[in-house]
Amino acid sequence: MNVEPLRVLIVDDSRIFRSVLEEALSGRDDVNVVGSVWSGEKAIEFARTSLPDVVTLDIEMPGLGGMETLKALRVVGATHQRAMGVLLVSSHTKRGATVTVEGLQEGAFDFITKPDSADFQENVLLLRRQLIEKIDAYRSRRPFQFPGQASGTRILSRHRRSTRFRAVVIGASTGGPQALARLLPVLTPVCPVPMFLVQHLPPDFMSYFAASLSRRCGVRIVEARDGASVEPGVLYLAPGDRHLVINKRDGKIVTGLSDSPPENGCRPAVDVLFRSASAAYGGQVLAVVLSGMGCDGAKGSSVLKRAGAHVIVQDEPSSVVWGMPSSVVAAGAADEIQPIDEIASTLLSHLGIGG
């Protein structure tokens, strides 16, 4: 069966890097580079008339910035009722990491990092590997049905019912930052139990990710550290390149960090967190698996399910990539499959809040 090529627009202020990207995407029948422009203003102008399927967007350009361009491209896509995926192109800088995190939360489906080799062909090969993986994942899910901006609605309750659950554990990967930007501002302000999160991101992105989530949610979100006692209502984020585990020590629950080998190609891994949650809390856990590539979380969800925990996964239409959630479903470990905008209220209901 013939597959219609994805129409790709390249946006970068460097003529040389635009050439590298074009070369990296050449030779594939399923990808067609339809434009190459040097500014956000030109990208929006091109998108309005030619409607590409995917835009590779440099986030550090003069003139109209990456975030403003991203938001404008989303408006163009919504106006024409056309899925237009934005793939961020990030540099290894503090500014690059910060804007990339914000862009992922604002709707970019993924990102790649600029290689820093002086060798043109080596850069092409490095980029080709990144681009093909990300674009193929996007193609498999296009068009996903993600709503617009998160409302930030707070669910407040006049009463609180009793609940057996003592912790919430969450795992996410590709598409996770966008899903979390919708879920956490509703969940975290009123959640009465500790929350633990594994989000697959590069190590140097994690502190910016934690800070960004804290601003959005208005509550304490911290990178987990070894041996710290957990507190109700606090979200503990796995740091970069270390597994987050939950331990019971002298009758208290504490966070732990592990340098054990990656699982499912990931460190931190959702499976590691989920297994430790089962050991620490038994079945008194609410587990959530959000959008992501691969199968991380499936085995851990099965362990939790056998212990009596309750497992919720994000549904396919609202996921950027329905890999991780579908693997939990395939394992028979999912109790509920829900759109992203219903998961927070479901969790709070299980925790005895609302209704």
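Hydrophobic clustering (side-chain heavy atoms under 4.5 Å, transitive across Ile, Leu, Val, Met, Phe, Trp, Tyr) groups L237 together with L180. Hydrophobic clustering (ILVMFWY, side-chain heavy atoms < 4.5 Å, transitive): V198 and M206 are in distinct clusters. L126 and L25 fall into different hydrophobic clusters, where Ile, Leu, Val, Met, Phe, Trp and Tyr residues are linked whenever their side-chain heavy atoms come under 4.5 Å apart, directly or through other members. V329 and V311 fall within the same hydrophobic cluster, defined by Ile, Leu, Val, Met, Phe, Trp and Tyr side-chain heavy atoms under 4.5 Å apart, directly or through other members. In the hydrophobic cluster analysis, where Ile, Leu, Val, Met, Phe, Trp and Tyr join through side-chain heavy atoms closer than 4.5 angstrom, I135 is grouped together with F17.
E223 places no side-chain N or O within donor-acceptor distance of the main-chain N or O of A238, the cut-off being under 3.5 Å. Checked by atom type and distance alone, the side chain of S212 never pairs as donor or acceptor with a backbone atom of Y208 at under 3.5 Å. Panel note: side chain S301, backbone V328; no donor-acceptor pair is recorded below 3.5 Å. In this structure, S50 contributes its side chain and A47 its backbone to no donor-acceptor pair below 3.5 Å. Within the 3.5 Å criterion, the main-chain N or O of V321 finds no donor-acceptor partner in the side chain of T174. With hydrogens and angles ignored, the 3.5 Å screen pairs no side-chain donor or acceptor of N247 with any backbone N or O of R249. Remark: the backbone N or O of S258 is not paired with any side-chain donor or acceptor of R242 at under 3.5 angstrom. In this structure a side-chain-to-backbone donor-acceptor pair under 3.5 Å is present from R82 to L51. Side-chain N or O atoms of S26 include one that pairs as donor or acceptor with a backbone N or O of E23 at under 3.5 Å. In terms of modelled atom types and a separation under 3.5 Å, the side chain of D119 and the main chain of E122 share a donor-acceptor contact.
Rounded to the nearest 0.5 Å, atoms OG1 (T100) and CD (Q105) are 11.0 Å apart. Remark: E60 CD to S14 OG distance equals 13.0 Å, nearest 0.5 Å.
For CZ of R225, the number of neighbouring non-hydrogen atoms (other residues, nucleotides, ligands) closer than 6.0 Å is 12 at most. Annotation: D29, atom CG; neighbour count of heavy atoms from other residues, nucleotides and ligands within 6.0 Å does not exceed 12. Residue-environment remark: CD (Q81) stays at or below the threshold of 12 foreign heavy atoms within 6.0 Å.
In this structure, the side chains of L131 and L87 come closer than 4.5 Å at one or more pairs of heavy atoms. Between I340 and Q178, every side-chain heavy-atom pair lies at or beyond the 4.5 Å cut-off. Counting heavy atoms from C-beta outward, D226 and T255 have side chains that stay 4.5 Å or more apart. Here the side chains of L201 and L104 are in contact, with some heavy-atom distance below 4.5 Å. Residues L213 and T188 form no side-chain contact, since every pair of their non-hydrogen atoms from C-beta on lies 4.5 Å or further apart. No side-chain heavy atom of V8 sits under 4.5 Å from any side-chain heavy atom of N32. No side-chain heavy atom of F274 sits under 4.5 Å from any side-chain heavy atom of V285. Residues R182 and D341 meet the side-chain proximity criterion, which asks for heavy atoms closer than 4.5 Å.
By the 4.0 Å N-to-carboxylate-O rule, R139 lies close enough to D30 to be salt-bridged with it. Here R28 pairs with D136 in a salt bridge; the nearest charged N to carboxylate O distance falls below 4.0 Å. With respect to the salt-bridge test (charged N to carboxylate O, under 4.0 angstrom), the residues E106 and R216 qualify. A salt bridge links D335 with K305: at least one charged nitrogen is closer than 4.0 Å to a carboxylate oxygen.
Sequence neighbours left out, the pairs with a member in residues 263-283 that pass side-chain hydrogen bond (donor to acceptor under 3.5 Å, both in side chains) are D241-R267, E263-R275, N264-D271, N264-D296. Screening residues 20-55 for ring pair (Phe, Tyr, Trp, His ring centres under 6.0 Å) gives no qualifying pairs among residues at least two apart or on separate chains. For the ring pair (Phe, Tyr, Trp, His ring centres under 6.0 Å) condition, the pairs that include at least one residue of residues 294-330, sequence neighbours left out, are H310-H350. Pairs engaging residues 231-261 under the ring pair (Phe, Tyr, Trp, His ring centres under 6.0 Å) rule: F196-Y236 [sequence neighbours left out].
A side-chain contact (heavy atoms from CB on, under 4.5 Å) with L273 holds for exactly one of L197, I246, I170; it is I246. The side-chain contact (heavy atoms from CB on, under 4.5 Å) with S319 is formed by just one residue from the set P339, S326, S291; it is S291.
Here the closest heavy-atom approach between residue L21 and residue L127 is recorded as CD2-CD1, 4.0 Å. Shortest non-hydrogen contact noted between G103 and L70 is O-CD2, 3.5 Å. Among all heavy-atom pairs drawn from L88 and A108, the shortest one is CG-CB, 3.6 Å. Across all their heavy atoms, G40 and L64 have their closest contact at C-CD2, 4.0 Å. Smallest separation of non-hydrogen atoms from M324 and S327: O-OG, 2.7 Å. Closest heavy-atom contact between P325 and Q314: CB-O, 3.5 Å.
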Please lay out, stage by stage, how V169 and L304 fare under the test side chain to side chain contact (heavy atoms under 4.5 Å, CB included).
CA-CA 10 Å; V169 292; L304 281 168; 4.2 Å; yes
So L348 and L187, side chain to side chain contact (heavy atoms under 4.5 Å, CB included) or not? Walk me through it.
CA-CA 7 Å; L348 291 173; L187 172 66; 3.8 Å; yes
Could you go through the side chain to side chain contact (heavy atoms under 4.5 Å, CB included) check for L9 and T56 one step at a time?
CA-CA 6 Å; L9 169 65; T56 70; over 6 Å; no
Side chain to side chain contact (heavy atoms under 4.5 Å, CB included) evaluation trace for V11 with V55
CA-CA 7 Å; V11 186; V55 179; 3.6 Å; yes
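Residues that satisfy the side chain to side chain contact (heavy atoms under 4.5 Å, CB included) test with D250, not counting sequence neighbours, are absent from this structure. Listed by chain and number, the residues in a side chain to side chain contact (heavy atoms under 4.5 Å, CB included) with Q284 are R166 (sequence neighbours excluded).
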